[in-house]
Amino acid sequence: NSGIRDGRPRILSFDTAYDSIMSVLRTGMQWRELYVPNSSYITVFKTMHKWVFEDVFRTAYNRLHKLYRRQRMPRFYCIEHFMINVELRS
């Protein structure tokens with residue numbers, strides 16, 4: 001197989017999938033209540049499970065956290081809704 005995919009072409013964009021997944025997680029609505037233009041809630045559901053299996057969310061969080069830490073040196077960290085003051089040492 002030289003990179004040619006069989007089956008239907010992908011019609012669910014990354015942005016639509018991500019926005020739909022976040023909408024369900026944020027609101028707690030049922031998957032079948034999700035409106036996805038040009039696609040199905042089942043496709044979004046399967047995409048989320050694929051991303052969870054491939055650690056997409058954890059990888060994105062870790063990369064964003066690393067980028068944030070490089071750009072700023074925060075004095076406070078929020079862990080489980082508690083603020084912790086960190087003493088900066090030079």
Side-chain angles (χ1 to χ4, degrees):
N1 197 347
S2 61
I4 299 173
R5 295 179 59 174
D6 294 333
R8 295 185 345 197
R10 175 174 291 193
I11 56 174
L12 183 66
S13 70
F14 175 83
D15 293 338
T16 302
Y18 180 80
D19 290 342
S20 299
I21 291 168
M22 288 300 125
S23 177
V24 169
L25 297 177
R26 187 173 45 251
T27 64
M29 76 167 97
Q30 294 181 1
W31 284 100
R32 74 185 88 170
E33 294 175 352
L34 184 64
Y35 171 73
V36 184
N38 302 325
S39 193
S40 165
Y41 71 90
I42 296 170
T43 306
V44 176
F45 181 78
K46 289 180 180 181
T47 301
M48 186 202 67
H49 280 279
K50 178 183 168 201
W51 289 354
V52 167
F53 180 73
E54 294 174 355
D55 267 347
V56 171
F57 295 108
R58 185 183 318 270
T59 302
Y61 172 80
N62 288 337
R63 287 182 183 175
L64 285 171
H65 186 258
K66 191 175 185 180
L67 180 65
Y68 174 78
R69 297 257 332 214
R70 272 193 215 139
Q71 292 179 354
R72 319 178 32 126
M73 196 61 176
R75 293 195 57 204
F76 294 92
Y77 292 90
C78 182
I79 301 173
E80 296 294 326
H81 305 288
F82 295 106
M83 296 300 289
I84 300 171
N85 189 359
V86 177
E87 183 178 324
L88 298 175
R89 296 182 180 138
S90 302

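Positions are given from 1 along the sequence.
For Tyr61, the OH atom is loosely surrounded, since the number of other residues' heavy atoms within 6.0 Å does not exceed 12.
Closest heavy-atom contact between Ala17 and Thr47: CB-CG2, 4.1 Å.
Partners of Val24 according to the side chain to side chain contact (heavy atoms under 4.5 Å, CB included) rule, which considers only residues two or more places apart in sequence or in another chain, are Met29, Trp31, Leu34. For Asp19, there are no salt bridge (charged side-chain N to carboxylate O under 4.0 Å, His left out) partners at least two apart in sequence or on another chain. For Thr16, the side-chain hydrogen bond (donor to acceptor under 3.5 Å, both in side chains) partners are Ser13, not counting sequence neighbours. Residues that satisfy the side chain to side chain contact (heavy atoms under 4.5 Å, CB included) test with Leu64, not counting sequence neighbours, are absent from this structure. Residues forming a ring pair (Phe, Tyr, Trp, His ring centres under 6.0 Å) with Tyr35 (at least two apart in sequence, or on another chain): none. Evaluation of the side chain to side chain contact (heavy atoms under 4.5 Å, CB included) rule for Asp55 yields Arg58, Thr59 as partners, not counting sequence neighbours.
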Under the criterion side-chain contact (heavy atoms from CB on, under 4.5 Å), I'd like the reasoning laid out for Lys46 against Ile42: C-alpha separation, chi angles, the key distance, then a yes or no. CA-CA 6 Å; Lys46 289 180 180 181; Ile42 296 170; 3.7 Å; yes

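Following chains of ILVMFWY side-chain contacts shorter than 4.5 Å, one cannot reach Phe53 starting from Phe57, and the two form parts of different hydrophobic clusters. Hydrophobic clustering of Ile, Leu, Val, Met, Phe, Trp and Tyr side chains at less than 4.5 Å, counting indirect connections, unites Phe14 with Leu12.
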